[in-house]
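Okay, structure first, notes after.
In this chain, numbering begins with 1 at the start of the sequence shown. Note that these values count all heavy atoms, side chains included, but never hydrogens, waters or copies made by symmetry.
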Amino acid sequence: NYYMALYDQEQDVVSFARVVEDGTSVPVDKPPYTPRKRGKGLTELIIETKEPMLVRHGVAEFYEKAGRKDYVGKLAQSWVGAPILFQGNVIGVIATYNWKKEMVYDDQDKEFLQTIGTQAATALQIRANFRNLEASNKRLETARTIGQAVVTDLGIDHILQVLRDHFDCDYAIILNI
């Protein structure tokens with residue numbers, strides 16, 4: 001069992017990118033794995049502390065002792081998680097857990113998840129950069145097309161069509177102020 005949760009600091013929202021339980025991928029678009037405001041679970045504790053965490057036994061007691069009664073799904077018997085950090089900011093958490101047995105994980109598992117978290121942060125940032133680059137390229141292409149239409153005098157209708165296509169809208173206007 002494992003999950004990868006992503007954290008949106010601006011919205012203060014935790015969303016689950018991937019959840020696997022008993023070897024089966026679980027839909028993340030249905031409760032309890034839909035995006036939610038940051039609560040008081042183990043995932044959020046890692047977000048707050050920016051440190052990995054290992055709970056080898058007594059997960060229920062840990063929740064009660066720490067005043068953290070928010071957990072998703074079944075309560076695990078053994079749990080280990082690590083932050084996904086990028087430039088000092090937590091962008092997610094990766095964790096694995098066992099519902100039936102205590103003492104399943106150790107410090108090596110915690111270190112392993114830290115390594116995976118570092119690699120995941122790099123991959124997530126590369127994906128975000130790629131998406132930003134694609135969006136920039138689209139804006140540049142639109143600007144080039146409009147510039148070409150102006151230079152070749154293709155007319156205002158053509159320019160408006162380019163704008164409608166770029167912004168995926170039904171109407172566009174140009175005001176002469």
Exercise for review: Apply the side chain to side chain contact (heavy atoms under 4.5 Å, CB included) test between Tyr7 and each candidate in Ile46, Thr43, Asp12, Asn89; give the one that qualifies.
Suggested key: Asp12
Exercise for review: For side-chain contact (heavy atoms from CB on, under 4.5 Å), just list the numbers for Asn137 and Glu141, CA-CA rounded to whole Å, side-chain angles, deciding distance to a tenth of an Å, and then say yes or no.
Suggested key: CA-CA 6 Å; Asn137 285 342; Glu141 179 59 24; over 6 Å; no
Exercise for review: Output yes when a side-chain donor or acceptor of Lys50 lies under 3.5 Å from a complementary backbone atom of Gly88, and no otherwise.
Suggested key: yes
Review point. Distance-only, no hydrogens or angles: does the Thr34 side chain make a donor-acceptor pair with backbone N or O of Lys30 under 3.5 Å?
Key: no
Review point. For Asn98 and Tyr105, which heavy atoms make the closest approach, and how far apart are they?
Key: N-OH, 3.6 Å
Point to revise | Interatomic distance, Ile126 atom CD1 to Leu133 atom CG [nearest 0.5 angstrom] | key: 13.0 Å
Exercise for review: Applying side-chain contact (heavy atoms from CB on, under 4.5 Å), run through Tyr97 and Val80 and close with a yes or a no.
Suggested key: CA-CA 6 Å; Tyr97 50 94; Val80 61; over 6 Å; no
Practice item. List the steps and the verdict of side-chain contact (heavy atoms from CB on, under 4.5 Å) for Val20 and Tyr3. Key: CA-CA 6 Å; Val20 173; Tyr3 66 85; over 6 Å; no
Check your understanding: So which of Val14, Ile84, Ile47, Leu113 actually passes side chain to side chain contact (heavy atoms under 4.5 Å, CB included) with Val93?
Key -> Ile47
**Study point:** Closest contact, heavy atoms only, Tyr2 versus Arg18
**Key:** OH-NE, 3.4 Å
Review point. Does NZ in Lys37 sit with more than 12 non-hydrogen atoms of other residues, nucleotides or ligands closer than 6.0 Å?
Key: yes
Point to revise | side-chain contact (heavy atoms from CB on, under 4.5 Å) assessment of Met103 paired with Gln77 | key: CA-CA 8 Å; Met103 309 298 282; Gln77 297 299 309; over 6 Å; no
Point to revise | Residues, nucleotides or ligands: over 12 heavy atoms within 6.0 Å of Gln108 CD | key: no
Point to revise | Sole residue of Glu48, Glu10, Glu44 in salt bridge (charged side-chain N to carboxylate O under 4.0 Å, His left out) with Arg38 | key: Glu48
Practice item. Look at the side chain of Asp109 and the backbone N and O of Asp106, then say whether any donor-acceptor pair between them is shorter than 3.5 Å. Key: yes
